[in-house]
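Below is one structure, written out as structure tokens, with a few remarks after it.
The residues of the chain are indexed from 1 along the displayed sequence. Given the structure is predicted, the values throughout are model-derived calculations rather than measurements. Only this structure's heavy atoms are used, side chains among them; waters, hydrogens and symmetry mates stay out.
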Amino acid sequence: MPTARIIQCSDSDSTAVRGVDQVFRVEGDSTQLMTFRLKAFRDLGLESPALYMDTDMLLLRPIDLGVILEKKDAVVCERSFKRNEKFGQLKFKNFVFECYAGKTLMQAHPYIACFTITRNWKFWDTAYEILSGMPVMFHAWFGDQEAIKRVVESGSWIVKKVPESTYACLPEMFVSSTSKPRLMHFKGPERKALMLNYLRRLKNGDPFS
């Protein structure tokens with residue numbers, strides 16, 4: 001997508017990524033990553049449709065935001081993988097998330113926050129306000145997914161759901177996917193180590209793409 005305008009949302013210290021069209025720097029505590037992230041998307045203040053995505057994702061095929069968004073307020077990425085697996089590790093970053101005990105991953109986090117399309121910044125304003133009122137542990141971890149879930153469940157927004165298998169496919173699930181993935185998601189340290197290799201394969205015309 002050579003004509004896409006790429007904006008890097010960042011803290012005040014991180015290096016600008018080569019090739020981006022704009023670096024939008026946000027003041028705040030970036031150690032509270034979830035709150036900081038939603039604040040950045042809100043403060044960016046885009047009035048037109050945009051895709052908000054993680055940096056550990058690889059675009060395989062072009063995406064037409066207008067076609068996907070249709071007349072909806074937002075597009076959220078619904079979990080495809082391990083939906084019925086129990087939420088196992090309840091302790092993260094010295095916090096214990098007892099609220100997820102006994103729940104499946106689908107019950108706890110039905111939406112993956114790495115891929116979201118919104119018509120404008122107002123969706124993020126609502127998500128940020130929801131997260132701001134939540135316990136401090138969510139500000140450090142899981143808060144973006146929890147806030148998006150609550151926005152969707154509120155019924156106040158017209159939301160379209162698209163599958164993780166298409167818009168955030170894990171590399172190990174690519175071959176078995178029947179949805180012709182448009183993006184791959186290299187979440188976690190082990191998958192990130194694979195990302196450059198997949199990029200080289202993509203540039204060389206590997207049929208996996």
Item to check | Check: I158 main-chain N/O paired with D73 side-chain donor or acceptor under 3.5 Å | outcome: yes

Item to check | Pair R191-H185, side-chain contact (heavy atoms from CB on, under 4.5 Å): steps then yes or no | outcome: CA-CA 8 Å; R191 293 190 185 94; H185 188 198; over 6 Å; no

Item to check | Separation between CZ of R37 and SG of C9, rounded to the nearest 0.5 Å | outcome: 9.5 Å

Checklist entry - Counting only heavy atoms not in Q22, do more than 12 fall under 6.0 Å of its CD? => result yes

Next on the checklist: Tell me whether K160 at atom NZ has more than 12 heavy atoms from other residues, nucleotides or ligands lying less than 6.0 Å away.
Outcome noted: yes

Checklist entry - Is the gap between the ring centers of W141 and F95 under 6.0 Å? => result no

Checklist entry - Looking only at heavy atoms, which two atoms of P181 and S165 are closest? And how far apart? => result CG-O, 3.4 Å

Checklist entry - Given F174 and Y198, is the ring pair (Phe, Tyr, Trp, His ring centres under 6.0 Å) satisfied, shown in steps? => result CA-CA 12 Å; F174 184 90; Y198 272 83; 7.7 Å; no

Next on the checklist: Do L59 and V162 sit in one hydrophobic cluster, given that two such residues count as connected whenever their side-chain heavy atoms are within less than 4.5 Å of each other, even indirectly?
Outcome noted: yes

Checklist entry - Should V75 and E70 count as side-chain neighbours, where that means a heavy-atom distance under 4.5 Å? => result no

Checklist entry - Hey, does C169 have a side-chain heavy atom less than 4.5 Å from the side chain of F81? => result yes

Checklist outcome for this item: Scanning both residues in full, the closest heavy-atom pair of F138 with L131 reads O-CD1, 3.7 Å

Checklist entry - Do I148 and F97 share a hydrophobic cluster (ILVMFWY, side-chain heavy atoms under 4.5 Å, transitive)? => result yes

Next on the checklist: Looking at every heavy atom in both I63 and R182, which two are closest together, and how far apart are they?
Outcome noted: CG1-CD, 4.1 Å

Item to check | Polar side-chain atom of S80 near backbone of E164 as donor-acceptor pair, under 3.5 Å | outcome: yes

Item to check | Within-4.5 Å side-chain heavy-atom neighbours: F36 and D29 | outcome: no

Next on the checklist: Test your reading of the model: is there a side-chain donor-acceptor pair from D21 to the backbone of I6, 3.5 Å cut-off?
Outcome noted: yes

Checklist entry - How far apart are the closest heavy atoms of A50 and L46, and which atoms are they? => result CB-CD1, 3.7 Å

Checklist entry - How many angstroms lie between atom CZ of R119 and atom NZ of K72, to the nearest 0.5 angstrom? => result 9.5 Å

Checklist entry - When you look at Y52 and W124, which way does the ring pair (Phe, Tyr, Trp, His ring centres under 6.0 Å) test go after all the steps? => result CA-CA 10 Å; Y52 299 79; W124 298 115; 5.1 Å; yes

Item to check | Distance in Å, M57 CE paired with L60 CG, rounded so as to fall on 0.5 Å steps | outcome: 9.5 Å

Checklist entry - Can you check side-chain contact (heavy atoms from CB on, under 4.5 Å) on V96 and M137, steps first, answer last? => result CA-CA 8 Å; V96 178; M137 60 186 184; over 6 Å; no

Item to check | From CG (L38) to CG (D43), nearest 0.5 Å | outcome: 10.5 Å

Checklist entry - Strictly under 6.0 Å, is that where the ring centroids of F87 and F142 end up? => result yes

Checklist entry - Mind checking whether V152 and W157 have side chains closer than 4.5 Å, heavy atoms only? => result no

Checklist entry - Do M106 and Y100 sit in the same hydrophobic cluster, where Ile, Leu, Val, Met, Phe, Trp and Tyr count as joined when their side-chain heavy atoms come under 4.5 Å apart? => result no

Checklist entry - Are R83 and E78 close enough, and set up right, to give a side-chain contact (heavy atoms from CB on, under 4.5 Å), and what steps lead you there? => result CA-CA 10 Å; R83 292 162 63 101; E78 187 173 51; 4.3 Å; yes

Item to check | Cluster link L58 to V17, ILVMFWY, side chain under 4.5 Å | outcome: no

Next on the checklist: What's the separation between atom CG in N120 and atom CD in E47, rounded to the nearest 0.5 Å?
Outcome noted: 6.0 Å

Item to check | Over 12 foreign heavy atoms within 6.0 Å of NZ, K192 | outcome: yes

Next on the checklist: Please determine whether salt bridge (charged side-chain N to carboxylate O under 4.0 Å, His left out) holds for the pair R150 and E153, giving the CA-CA distance in whole Å, both sets of side-chain angles, and the decisive distance to 0.1 Å.
Outcome noted: CA-CA 5 Å; R150 297 189 187 190; E153 289 178 348; over 6 Å; no

Checklist outcome for this item: Between I7 and L44, the two heavy atoms sitting closest are CG2-CD1, 4.1 Å

Checklist entry - Backbone N or O of Y111 within a donor-acceptor pair of the R79 side chain at under 3.5 Å? => result no

Checklist outcome for this item: Rounded to the nearest 0.5 angstrom, the CZ-NZ distance for R42 and K39 is 6.0 Å

Item to check | Transitive ILVMFWY side-chain link V136 to L90, under 4.5 Å | outcome: yes

Checklist entry - Where do K180 and R61 land on the side-chain contact (heavy atoms from CB on, under 4.5 Å) test, with the steps shown first? => result CA-CA 9 Å; K180 296 183 179 180; R61 293 188 290 145; 3.3 Å; yes

Checklist entry - Is the backbone N or O of D56 less than 3.5 Å from a side-chain atom of D54, with the two atoms forming a donor-acceptor pair by type? => result no

Checklist entry - Which heavy atom of M184 sits nearest a heavy atom of P171, and at what distance? => result CE-CA, 3.3 Å

